[in-house]
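So the structure is just underneath, and the comments pick up after that.
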Amino acid sequence: MIGIIRSLWGYRGFVMGSVKREFQSKYSNSMLGAAWNVINPLSMIVVYTVIFSQVMKARLPGVDGGFSYSIYLCAGVLTWGLFTEIVGRAQNVFIENANLIKKLSFPRLTLPLIVVANAILNFVIVFALFLLFLILTGNFPGLAIVGIVPLLILQVAFAIGLGMALGVLNVFFRDVGQFFGIFLQFWFWFTPVVYTLSILPGRLKPFMMLNPMAPIIEGYHAIFLTHQLPIWESLALPSTISIVLCFLGFRLFRLHVGEMVDEL
């Protein structure tokens with residue numbers, strides 16, 4: 001493991017250069033360039049705020065404030081977006097970089113690392129705007145904001161572990177990527193992103209919390225809505241699953257990295 005970390009550190013220039021090139025190429029033929037990274041999330045926040053807090057007058061039960069449902073939506077949608085970006089890109093990362101893998105000798109683990117770095121960069125830009133919105137509306141969570149650090153670490157670990165496992169399997173069984181794209185749509189609606197758990201029948205709530213993303217998203221909601229730290233005990237299951245998936249993804253990669261070159 002130490003050797004792998006040293007190898008990845010030795011290629012840090014390759015990782016950072018790849019992240020920079022992808023960020024620049026994304027808007028290379030656009031007049032506004034990187035400004036779209038600000039315009040897109042800003043428009044989403046404005047739409048959610050205007051429609052749900054002003055037009056529909058949406059409120060969350062037990063939570064005061066005209067922006068409560070807008071904050072609930074933004075907190076869930078933005079963090080779910082980070083998860084889906086990492087998993088979605090990681091499951092195709094080896095296929096999309098087939099020519100690079102065949103022609104160059106480099107640590108293949110840098111590819112998932114580049115996926116994570118790009119996703120976090122995009123998330124930081126969007127999340128910074130969300131925090132600015134919270135400050136301007138007087139809804140900044142205060143010291144509870146530190147709770148997002150362990151939540152983000154857990155979420156990224158879960159996403160990259162799942163993404164790497166799917167990425168290796170997708171090389172050998174291309175239906176994996178197609179199936180997971182459909183599965184992800186159902187997963188979204190079985191996660192309390194746009195609705196609250198309180199609207200569900202009591203008998204369904206324990207089953208919903210078996211979804212590892214549910215307590216993670218609920219943790220973000222606790223921070224941004226009630227300005228409280230997450231219930232750490234509820235994160236035991238996703239933490240365990242994240243460790244298992246990271247081990248499984250890494251194990252599959254080590255066992256089949258040589259075979260992947262022939263399959264790509």
Check: Y220 ring centroid to F130 ring centroid under 6.0 Å: no

CZ-CD1 distance between F224 and I71, expressed to the nearest 0.5 angstrom: 9.5 Å

Side-chain donor or acceptor of N139 paired with backbone N/O of I135 under 3.5 Å: no

Path from V87 to L121 over hydrophobic side-chain contacts below 4.5 Å: yes

Side-chain (Q155) to main-chain (T79) donor-acceptor, under 3.5 angstrom: yes

Single-linkage hydrophobic cluster L131~L136, side-chain heavy atoms < 4.5 angstrom: no

Student check: side-chain heavy atoms of E85 and N122 closer than 4.5 Å: yes

Check: R89 and N118 side chains under 4.5 Å, non-hydrogen atoms: yes

Closest approach of P238 to P215 (non-hydrogen atoms, all atoms of both residues): CG-CG, 3.8 Å

Shortest non-hydrogen separation from I223 to G147 and the atoms involved: CD1-C, 3.5 Å

Check: I95 main-chain N/O paired with N170 side-chain donor or acceptor under 3.5 Å: no

Side chain to side chain contact (heavy atoms under 4.5 Å, CB included) evaluation trace for E218 with I231: CA-CA 9 Å; E218 284 293 281; I231 301 174; over 6 Å; no

Single-linkage hydrophobic cluster, 4.5 Å side-chain cutoff, I243 and I241 together: no

Any donor-acceptor pair under 3.5 Å from Y69 side chain to V194 backbone: yes

Flag side-chain contact, heavy atom, 4.5 Å: I120 against V124: yes

Verdict with reasoning, L245 to I160, per side chain to side chain contact (heavy atoms under 4.5 Å, CB included): CA-CA 8 Å; L245 283 175; I160 196 57; over 6 Å; no

Greater than 12 external heavy atoms within 6.0 Å of F207's CZ: no

V126 vs L82 side-chain heavy atoms within contact, under 4.5 Å: no

S68 and L225, any side-chain heavy atoms less than 4.5 Å apart: yes

Aromatic ring pairing H221/Y72, orientation class (parallel under 30°, perpendicular over 60°, tilted between): parallel

Where A222 and P230 come nearest, the two heavy atoms and their spacing: CB-CA, 4.5 Å

Hydrophobic cluster membership, L210 vs M208, 4.5 Å side-chain cutoff: yes

Straight-line distance of L151 CG to W232 CH2, nearest 0.5 Å: 5.5 Å

Ring centroid separation F83 to W187 under 6.0 Å: yes

Side chain to side chain, L204 and L197, heavy atoms closer than 4.5 Å: no

Stepwise side chain to side chain contact (heavy atoms under 4.5 Å, CB included) test for E259 and F172: CA-CA 9 Å; E259 301 171 36; F172 300 97; 3.9 Å; yes

Pairwise side-chain contact, L255 with R251, heavy-atom cut-off 4.5 Å (strictly under): yes

Approximate separation, where rounding is to 0.5 Å, of T110 OG1 and M16 CE: 13.0 Å

Min side-chain heavy-atom separation T84-W80 under 4.5 Å: yes

Derivation of the side chain to side chain contact (heavy atoms under 4.5 Å, CB included) call for L248 and L162: CA-CA 8 Å; L248 176 62; L162 178 60; over 6 Å; no

In one Ile/Leu/Val/Met/Phe/Trp/Tyr side-chain cluster, 4.5 Å: F183, F190: yes

From L154 atom CG to I216 atom CD1, the distance as rounded to the nearest 0.5 Å: 4.0 Å

Separation between CE of M164 and CZ of F94, rounded to the nearest 0.5 Å: 5.0 Å

Spacing of CZ belonging to F158 relative to CD1 belonging to I86, to within rounding of 0.5 Å: 11.5 Å

